[in-house]
Enquirer: 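For reference, the structure I am asking about is given below.
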Protein chains: 2
Amino acid sequence: MGRPKQFDPETAVEQAMQVFWRKGYGDTTPQDLVDALGIGKGSLYHAFGSKHGLFELSLRHYRDTQAKALTDLLAEGEGTVKERLRKGLELLVEMDLADPDRRGCLAVNTATGLPRADETASGLVRGMFARTEDAFRALVEEGKRSGEIAPDRDAAAVGSLLLNTVVGLRVTARVADGPDGMRRTIQAVLDLL
Amino acid sequence: MGRPKQFDPETAVEQAMQVFWRKGYGDTTPQDLVDALGIGKGSLYHAFGSKHGLFELSLRHYRDTQAKALTDLLAEGEGTVKERLRKGLELLVEMDLADPDRRGCLAVNTATGLPRADETASGLVRGMFARTEDAFRALVEEGKRSGEIAPDRDAAAVGSLLLNTVVGLRVTARVADGPDGMRRTIQAVLDLL
DNA sequence: CCTCTTCTTGACCCGAAAGTACAAAACCCT
DNA sequence: AGGGTTTTGTACTTTCGGGTCAAGAAGAGG
């Protein structure tokens, strides 16, 4: 009962996420959000409570779409483990560098941009990192079973390394002036495996 | 001629760097700087022109102290190459996690926090990354010469990987709830070498 | 000692960030 | 149609960010 919303909250969160991703939390103003969502400021605060509340929803949405896309890609891809790994990493780099805004990864940007007190946001980031690390670990284990990866490798350790590699790459994507360094990084990690 | 400065500009830049490092560029206010440097706002703007100008000096100072400390450690350490590598990475992680503010690395934080237009800052970050990468590459080459590292390794590629690893670790240091994941990452990278 | 220059201080300024208030509007139910 | 409920739009408020300015203090040179 009562007047129905004139906008779709999920769409709004998606749009908000795009703004936060492009500009960062601190540099995003309520006016930016109002412009992007196409609703009044009153509606915005009525529906989402605060800029930070909307940011939290945006982070969750990022986790359920972007971060999930990577773990799915790793889990469901076709081809050998190493091929999937190479495809996944190369796709990531290409997308990051093709982005005219060079947004990188919202989770990574949040990790380094957080005010020290934001336990909610850092918890969400930790969660995304943990899931991705786990997807890598699972992939490594599959590689060990299939014989592609030496059986004496510690899958958990290599998973950590691969997550860490992705995080590093997505920082670099924000400032790199070309793909060479990042390609070399991928090359090295695949060679060493 | 003229009235002499009542403060040492170099000390002031050092103090400003600490503030930017702890709070980030965007969250640092002129008032924060005034408080930290112990001078009036007028003096601050008279001496440094703008918040951004002071930030630029702070970044350069970071490069010449913190970033240099790492490259020096890699270049001048004692012991085998792998021992130096291990020491360097472990020291980094310990320092990052021991820091109550979890500031991570100013260059990394700047990379992910810059507004898209700040070419000056991103150039400085690129420069620091390049120097560090080169220090790693040189270390790998030394390892190849000494026989510690297989001669068919591409030193430049491994250098990229090591820089990337450090960048990733310093992001993780901002949100990690313990040293385990980071230690696993170091373990994996050393094992693979 | 007078002047010229360079620093220092604190008051002041303007715009904007984040959020609030509240009346009007749009719906549901009976 | 009327009452209860939720949403909307706009105006408003408060605080603060980033910066400027005028007036004076502290030196150097003549």
Enquirer: So does S43(A) get a side-chain nitrogen or oxygen closer than 4.0 Å to the phosphate oxygens (OP1/OP2) of dG9(D)?
Expert: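 For dG9(D), OP1/OP2 do have a side-chain N/O of S43(A) under 4.0 Å.
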Enquirer: Between G49(B) and G42(A), which is nearer to the 5' end of DNA chain D once each is assigned its nearest nucleotide?
Expert: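 Result: G42(A).
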Enquirer: From the list dG19(D), dT7(D), dG17(D), which nucleotide is the closest neighbour of the side chain of Y45(B)?
Expert: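 Given the options dG19(D), dT7(D), dG17(D), the side chain of Y45(B) is closest to dG19(D).
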Enquirer: Does the plane of the ring in F55(A) sit parallel, tilted or perpendicular to the ring in Y25(A)? Use 30° and 60° as the thresholds.
Expert: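 Ring orientation, 0 to 90° scale: tilted.
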Enquirer: Do NZ/NE/NH1/NH2 and the carboxylate oxygens of R131(B) and D134(B) come within less than 4.0 Å?
Expert: no
Enquirer: Within the structure shown, what part of the strands sits under 4.0 Å from P4(A) by heavy-atom distance: base, sugar-phosphate, or nothing?
Expert: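 If one applies the 4.0 Å heavy-atom cut-off, P4(A) turns out to touch the sugar-phosphate alone, with no base involved.
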Enquirer: Does K68(A) pair with D72(A) as a salt bridge, N-O distance under 4.0 Å?
Expert: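 Salt bridge present between K68(A) and D72(A).
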Enquirer: So if I take every side-chain heavy atom of Q6(A) and compare against dT8(D), dG17(D), dA25(D), which nucleotide ends up nearest?
Expert: dT8(D)
Enquirer: R3(A) has an atom CZ; how far is it from atom P of dC22(C), in whole Å?
Expert: 19 Å
Enquirer: K5(A) side chain: which of dG17(D), dA26(D), dT7(D) is closest?
Expert: dT7(D)
Enquirer: Rounding to a whole Å, what distance do you find between Q31(B):CD and dT9(C):C1'?
Expert: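 Q31(B) atom CD is separated from dT9(C) atom C1' by 13 Å.
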Enquirer: Between R116(A) and D101(B), does any side-chain N to carboxylate O distance fall below 4.0 Å?
Expert: no
Enquirer: What's the CG-C1' distance between L37(B) and dT8(C), to the nearest Å?
Expert: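 Checked: the CG to C1' distance equals 14 Å.
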Enquirer: Under the 3.5 Å rule, do the base of dG19(D) and the side chain of K41(B) count as making a donor-acceptor pair?
Expert: yes
Enquirer: How many whole angstroms separate atom CG of L33(A) from atom P of dG19(C)?
Expert: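 Nearest whole value for this atom pair: 11 Å.
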Enquirer: Could you tell me the separation between the CG atom of D27(A) and the P atom of dG18(D), rounded to a whole number of Å?
Expert: 10 Å
Enquirer: Separation of D32(B) atom CG from dC16(D) atom C1', in whole Å?
Expert: 12 Å
Enquirer: Side chain of K51(B) only, please: which of dC7(C), dA18(C), dG18(D) is the nearest?
Expert: dG18(D)
Enquirer: Tell me which nucleotide among dA18(C), dG19(D), dT8(C) gets nearest to the side chain of H46(B).
Expert: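 Among the listed nucleotides, the one closest to the side chain of H46(B) is dT8(C).
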Enquirer: Specify the separation, in whole Å, of atom CG of L44(A) and atom P of dA11(D).
Expert: 18 Å
Enquirer: Counting only heavy atoms not in R153(A), do more than 12 sit closer than 6.0 Å to its CZ atom?
Expert: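 For R153(A), atom CZ is crowded (more than 12 foreign heavy atoms under 6.0 Å).
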Enquirer: Given atom CZ of F48(B) and atom P of dC7(C), what is their separation to the nearest angstrom?
Expert: 11 Å
